[in-house]
Amino acid sequence: MLIIMDYNEVMNFALKKGFYFPSCDIYPDKSAGFWEYGPLGVNFKNNFIELWRRELIRRDEILEIDGSQIMSKSVFEASGHITNFADPIIKCKKCNSTFRVDELIAAKTKINMTENESLQKYDELIKENDIHCPKCENEFLKPSRFNMMFCIGIGPENETAYLRPETCQSIFVDFPRLFKIMRGKLPFGVAQIGKSFRNEIAPRQSILRLREFYQAEIEIFCNPNKLNSLTKSSQISNTIIRIHVDNTTKIMSCKEAVNSKTIPNMFIAYYIGLLTEFYAKTGIDMAKTRFRKLSENEKAFYSESSFDFEVKTTVGWLELVACNYRTNYDLIRHANISKENYSIVDYEDKIIPHVFEISMGVDRSLYSILEHSLKNDIGNKRILLSLKPYLSPIYVGVLSLLKKDGLEEKTNQIYSQIKKNFVASLDHSGTIGRRYRRLDEIGTPFIITIDYQTLKDQTVTIRMRDDMHQIRIKISEVESFLTTNAF
RNA sequence: GCGAAGUUAGUCUAGUUGGCAUGACGUCAGCUUCCCAAGCUGAAGAUCACGUGUUCAAAUCACGUACUUCGCACCA
């Protein structure tokens with residue numbers, strides 16, 4: 001009987017095994033929202049990224065770049081982050097409580113406020129309407145803006161620059177160059193995986209809400225006039241997707257989703273189909289997932305159509321991927337501010353391409369996979385992490401049945417044969433059952449055991465993690481077994 | 001940032017009229033064991049989150065700081 005485990009148990013598991021843990025932990029001035037991946041976590045993350053490359057990047061012939069994490073102020077003037085990525089806030093003089101000014105005014109006066117008014121305007125409205133701190137009824141300080149970007153100073157003059165709050169901006173900035181040198185044709189996909197930084201007011205829940213986090217973003221540049229004539233869309237037209245609209249989750253094929261206008265066009269449906277196939281391969285329970293169509297007021301201001309890929313976990317629905325049809329907002333902004341030419345010719349059309357974005361939160365994805373894979377296997381008295389073999393941090397265990405009569409030496413020999421091609425773990429200590437359990441807990445799918453028969457006929461047993469069954473194969477066949485069973 | 005609760009070895013935990021810390025699991029070594037967390041022996045591991053104060057004496061009392069968890073706003 002397999003029992004699922006909740007957030008706290010997954011968290012304890014991750015800490016205990018060193019998948020991830022708080023950064024700067026031994027110092028009292030450490031800040032929340034910074035976490036590190038330990039040895040197992042790094043392997044797991046790398047395997048996840050490799051799957052992303054395999055199933056999205058290479059499959060869809062997308063180009064990958066690796067941009068700067070520090071970007072100049074102009075980039076974020078163009079992108080709108082300097083004005084839009086900042087919340088207008090106001091602080092109470094006495095109790096120091098912080099509120100969103102626009103929301104406070106809207107609540108007290110019924111005036112419909114936006115977050116983009118001038119600070120002066122907010123200040124006037126606070127004074128005119130005699131608004132006081134809702135908590136202690138005292139006066140407010142002047143309104144200010146809290147920008148969620150980390151601002152840094154470059155060089156001796158401390159020139160203002162920012163840690164990127166999303167990885168996609170370098171893709172937009174680089175687009176004209178990339179399109180030319182890579183002999184681009186629309187649709188043209190560029191991807192990037194790396195760190196992004198946001199100065200969250202209150203980071204919470206370990207790697208689910210970080211100030212420094214991994215994003216894997218794909219930006220597809222396309223011709224807006226050809227959104228229903230994507231030739232490769234036949235690859236996914238029958239893929240079953242789960243779309244959440246008007247508070248219900250509808251299960252249908254990509255083709256049906258477009259025909260019923262649930263998804264606006266085949267172009268978006270194609271990528272939602274690809275993403276569905278990708279996440280199915282991560283081992284996430286797809287019955288607990290949905291693409292939620294965002295309503296008008298939930299969408300980012302630049303997005304014409306947005307779907308969030310969400311996964312149900314023990315802490316509720318988690319947003320793993322934001323899919324946004326960003327139109328040509330970003331490219332036009334960068335074109336206008338930089339004076340760079342962003343228009344391209346797509347057959348007879350001279351256009352500034354539109355952008356469809358698949359913005360994936362890597363850390364959250366890793367957590368969701370862990371939570372959906374970690375089970376308490378009561379009957380077998382073990383913790384079982386049933387990761388897909390290609391995601392497992394340790395791919396194969398190499399164990400001696402006993403440590404005597406030459407078994408240890410034989411085991412070491414087999415281990416050194418395979419350790420360069422596979423992430424392997426060698427262990428002689430304690431009883432065999434304990435060693436099996438330890439590897440089950442970190443998701444190792446295969447375990448080679450060297451026993452007395454090995455010495456006689458050059459065979460070993462391979463134990464399968466999930467059902468604990470063993471097969472016996474020749475030592476000479478071990479490598480091909482491990483290779484063919486990866487996927 | 002605000003409010004509430006919490007912080008004792010890698011993990012969980014005992015300690016509640018103030019007297020330098022209990023147990024378990026895990027880890028390591030050895031013995032045993034021809035396949036699934038057994039057993040035996042031994043070892044390492046805690047200036048009780050950090051700082052200041054009260055006291056002859058602080059894990060224990062007071063104050064402050066940090067972090068964690070839960071609620072509010074923001075969000076991949």
Side-chain angles (χ1 to χ4, degrees), chain A residues 7-8 11-13 15-18 21-34 85-92 94-104 107 115 133-136 146 148 165-168 196-211 213-217 298 300 308-310 315 318-324 357-365 367-368 377 380-383 399-405 407 429-441 447 449-455 461 463 465 468-470 472:
Chain A
Y7 170 79
N8 283 323
M11 172 79 184
N12 287 338
F13 164 80
L15 280 171
K16 183 172 147 197
K17 293 294 172 187
F21 41 83
S23 184
C24 311
D25 204 26
I26 62 166
Y27 286 105
D29 62 344
K30 65 174 176 178
S31 297
F34 299 94
F85 210 57
D87 292 334
I89 56 168
I90 193 162
K91 285 194 176 194
C92 172
K94 192 159 187 196
C95 74
N96 215 13
S97 294
T98 310
F99 302 90
R100 280 278 299 263
V101 193
D102 52 331
E103 289 178 1
L104 193 64
E115 59 179 37
C133 173
K135 279 198 179 156
C136 68
F146 175 71
M148 302 241 294
E166 53 183 13
T167 54
C168 60
S196 290
F197 305 83
R198 293 182 190 175
N199 199 358
E200 295 287 344
I201 300 168
R204 288 279 163 81
Q205 293 183 318
S206 64
I207 61 167
L208 299 184
R209 181 99 158 272
L210 293 161
R211 287 184 166 135
F213 60 103
Y214 282 99
Q215 283 189 309
E217 292 196 296
E298 282 179 298
D308 279 355
F309 179 67
E310 299 182 327
V315 285
L318 273 185
E319 184 186 340
L320 300 194
V321 187
C323 302
N324 295 311
E357 151 182 277
I358 302 167
S359 173
M360 183 182 290
V362 173
D363 314 272
R364 287 180 175 188
S365 296
Y367 172 81
S368 303
D377 182 357
N380 291 307
K381 294 184 181 163
R382 61 174 182 166
I383 303 297
L399 311 182
S400 51
L401 180 62
L402 295 172
K403 211 165 47 167
K404 58 184 187 185
D405 302 329
L407 291 175
S429 81
T431 60
I432 192 77
R434 163 156 284 315
R435 284 175 280 157
Y436 286 150
R437 294 293 181 285
R438 255 200 299 255
L439 289 165
D440 289 341
E441 194 176 359
I447 301 178
T449 306
I450 285 75
D451 58 13
Y452 283 96
Q453 200 176 326
T454 309
L455 301 178
T461 60
R463 174 184 178 276
R465 176 194 61 206
M468 301 165 68
H469 280 94
Q470 289 177 301
R472 186 170 281 278

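Predicted model, so just to flag it, every value in this text is computed and none were measured. Reckoned from all heavy atoms, side chains included, excluding hydrogens, waters and symmetry mates.
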**Student:** Can you tell me if the side-chain N/O atoms of T431(A) get under 4.0 Å from OP1 or OP2 in rU33(B)?
**Tutor:**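 Checking T431(A) against rU33(B): no side-chain N or O falls below 4.0 Å of OP1 or OP2.
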**Student:** What is the distance from NZ of K17(A) to P of rG10(B), rounded to the nearest Å?
**Tutor:**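 Rounding to the nearest Å, NZ of K17(A) and P of rG10(B) are 16 Å apart.
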**Student:** Show the numbers, then the answer: is there a side-chain contact (heavy atoms from CB on, under 4.5 Å) between R435(A) and S400(A)?
**Tutor:** CA-CA 10 Å; R435(A) 284 175 280 157; S400(A) 51; 3.8 Å; yes
**Student:** Under a 3.5 Å cut-off for both distances, is rC67(B) Watson-Crick or wobble paired, and to whom?
**Tutor:**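 Across all strands, the one nucleotide that pairs with rC67(B) is rG6(B).
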**Student:** Say we look at rA9(B) and rU17(B): how far apart would their P atoms be, to the nearest angstrom?
**Tutor:** 23 Å
**Student:** If we check side-chain hydrogen bond (donor to acceptor under 3.5 Å, both in side chains) with R472(A), which of these qualifies: T454(A), T449(A), D451(A)?
**Tutor:** D451(A)
**Student:** Would you mind reading off the distance between I383(A) atom CD1 and rC25(B) atom C1', rounded to a whole angstrom?
**Tutor:** 13 Å
**Student:** In whole angstroms, how far is the P atom of rU32(B) from the CG atom of L402(A)?
**Tutor:** 11 Å
**Student:** Please give, in whole Å, the distance from rC70(B) P to R209(A) CZ?
**Tutor:** 11 Å
**Student:** Heavy atoms under 4.0 Å, any strand shown: does R435(A) hit a base, just sugar-phosphate, or nothing?
**Tutor:**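 If one applies the 4.0 Å heavy-atom cut-off, R435(A) turns out to touch nothing in the nucleic acid.
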**Student:** State the pairing partner of rG1(B); accept Watson-Crick or G-U wobble contacts with both distances under 3.5 Å, and report none otherwise.
**Tutor:** rC72(B)
**Student:** Sort out the partner of rA14(B) for me: Watson-Crick or G-U wobble, both distances under 3.5 Å, none otherwise.
**Tutor:**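 Paired with rA14(B), as far as the under-3.5 Å criterion goes, is no nucleotide at all.
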**Student:** Using the side chain to side chain contact (heavy atoms under 4.5 Å, CB included) rule, pick out the option among R465(A), M468(A), R463(A) that qualifies with Y436(A).
**Tutor:** R463(A)
**Student:** Whether R438(A) contacts rG26(B) is assessed here as follows: a side-chain N or O lying under 4.0 Å from the phosphate OP1 or OP2. Is that the case?
**Tutor:**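 So the side-chain polar atoms of R438(A) never come under 4.0 Å of the phosphate oxygens OP1 or OP2 of rG26(B).
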**Student:** Does rG42(B) have a Watson-Crick or wobble partner in any strand here, with both distances under 3.5 angstrom, and which is it?
**Tutor:** rC28(B)
**Student:** With the side chain of F213(A) defined as its heavy atoms from C-beta on, choose the nearest nucleotide among rA76(B), rC28(B), rC35(B).
**Tutor:** rA76(B)
**Student:** When only distance counts, do a donor and an acceptor, one from the side chain of R437(A) and one from the base of rC36(B), lie under 3.5 Å apart?
**Tutor:**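 Present.
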**Student:** Look at the side chain of Y436(A) and decide which nucleotide, out of rC35(B), rU33(B), rA76(B), has an atom nearest to it.
**Tutor:**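 The answer is rC35(B), which lies nearest to the side chain.
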**Student:** Checking only heavy atoms, does the side chain of T461(A) share a donor-acceptor pair with the base of rC35(B) at less than 3.5 Å?
**Tutor:** yes
**Student:** How many whole angstroms separate atom OH of Y214(A) from atom C1' of rC75(B)?
**Tutor:**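 Answer to the nearest Å: 20 Å.
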**Student:** Rounded to the nearest angstrom, tell me the gap between atom CG in L407(A) and atom C1' in rC34(B).
**Tutor:**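 Going from CG in L407(A) over to C1' in rC34(B) covers 9 Å.
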**Student:** Once hydrogens and angles are ignored, does a donor-acceptor distance under 3.5 Å link the base of rC36(B) to the side chain of R463(A)?
**Tutor:** yes
**Student:** Grab the CG-C1' distance between L15(A) and rU69(B) for me, whole Å please.
**Tutor:** 13 Å
**Student:** Any strand is fair game: report the nucleotide pairing with rC61(B) by Watson-Crick or G-U wobble, both distances under 3.5 Å, or none.
**Tutor:** rG53(B)
**Student:** For the C1' atoms, the ones on rC2(B) and on rA62(B), what distance do you get once it is rounded to whole angstrom?
**Tutor:**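 Each nucleotide's C1' atom is 23 Å from the other's.
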**Student:** Counting side-chain heavy atoms from C-beta on, which of rA76(B), rC74(B), rA38(B) comes nearest to M148(A)?
**Tutor:**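 It is rC74(B).
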**Student:** Could you give the CD1-to-P distance, from I450(A) to rC35(B), as a whole number of Å?
**Tutor:**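 Atom CD1 in I450(A) sits about 15 Å away from atom P in rC35(B).
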**Student:** Is Q470(A) touching bases, backbone alone, or none of the nucleic acid, heavy atoms closer than 4.0 Å?
**Tutor:**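 Base contact.
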**Student:** Work out how far the P atom of rU16(B) is from that of rU27(B), and round it to whole angstrom.
**Tutor:**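 Here rU16(B) and rU27(B) have their P atoms 32 Å from each other.
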**Student:** Answer with base, sugar-phosphate or nothing: what part of the nucleic acid does S359(A) contact at a heavy-atom distance below 4.0 Å?
**Tutor:** nothing
**Student:** Need one value for L210(A): base, sugar-phosphate or nothing, where a base atom within 4.0 Å counts as base even if backbone is also close, heavy atoms only.
**Tutor:**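 Base contact.
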**Student:** Tell which nucleotide pairs with rC35(B), taking only Watson-Crick or G-U wobble pairs whose two distances are both under 3.5 angstrom.
**Tutor:** none
**Student:** When the nearest nucleotide of RNA chain B is assigned to R382(A) and to K16(A) on a heavy-atom basis, which residue is associated with the more 5' position?
**Tutor:**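 Whichever sits nearer the 5' end wins; that is K16(A).
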**Student:** Do D451(A) side-chain and rC34(B) base share a donor-acceptor contact under 3.5 Å?
**Tutor:** no
**Student:** With RNA chain B as reference, determine whether N380(A) or Y7(A) sits nearer its 5' end, using the nearest nucleotide of each.
**Tutor:**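 Counting from the 5' end, the first nearest nucleotide belongs to N380(A).
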